[in-house]
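Since this is a predicted model, take the numbers as computed values, not measurements.
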Amino acid sequence: MYQRLLNREDVDKEHVIELQGGNAKMFFLKKDSKTDALKKVEIMLLDSYENRLYKA
């Protein structure tokens, strides 16, 4: 079900933010007319927020 981000074609591999210590990396989706990246992020953030509310 999960796929490594480095193996995905829609991930921008040139612009990566790496936290100090190398424990985490933040990847960005490529700008593509087929993909609405901001809408995907908005949905993911709302889902995450709702999950935290239901668990509390």
Side-chain angles (χ1 to χ4, degrees):
M1 182 171 165
Y2 290 102
Q3 183 180 19
R4 287 182 55 98
L5 290 173
L6 289 174
N7 296 338
R8 290 177 45 166
E9 293 299 319
D10 60 342
V11 173
D12 182 352
K13 296 168 186 84
E14 293 180 27
H15 302 95
V16 179
I17 296 175
E18 186 171 351
L19 297 179
Q20 286 182 337
N23 292 334
K25 289 184 179 182
M26 181 182 295
F27 292 90
F28 299 92
L29 292 176
K30 290 180 181 176
K31 187 174 182 178
D32 186 0
S33 61
K34 299 176 192 174
T35 306
D36 187 1
L38 288 177
K39 190 65 175 172
K40 283 185 177 182
V41 169
E42 179 184 354
I43 291 168
M44 288 175 13
L45 288 171
L46 287 172
D47 287 344
S48 175
Y49 178 72
E50 288 175 358
N51 286 334
R52 285 186 285 159
L53 285 178
Y54 290 128
K55 289 181 181 180

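For the pair Lys13 and Val16, the tightest heavy-atom approach, listed with the atom from each and the gap, is O-CG2, 3.6 Å.
Residues that satisfy the side-chain contact (heavy atoms from CB on, under 4.5 Å) test with Met44, not counting sequence neighbours, are absent from this structure. The side-chain contact (heavy atoms from CB on, under 4.5 Å) check on Glu50 picks up Asp47, Tyr54, with sequence neighbours excluded.
In the hydrophobic clustering (ILVMFWY side chains linked at under 4.5 Å, chained through shared members), Leu46 stands by itself. Other residues sharing the hydrophobic cluster of Ile17, ordered by chain and number and joined by side-chain separations under 4.5 Å: Met26, Phe28.
Of the inter-residue distances, the one linking Phe27 atom CZ with Glu18 atom CD reads 8.5 Å to the nearest 0.5 angstrom.
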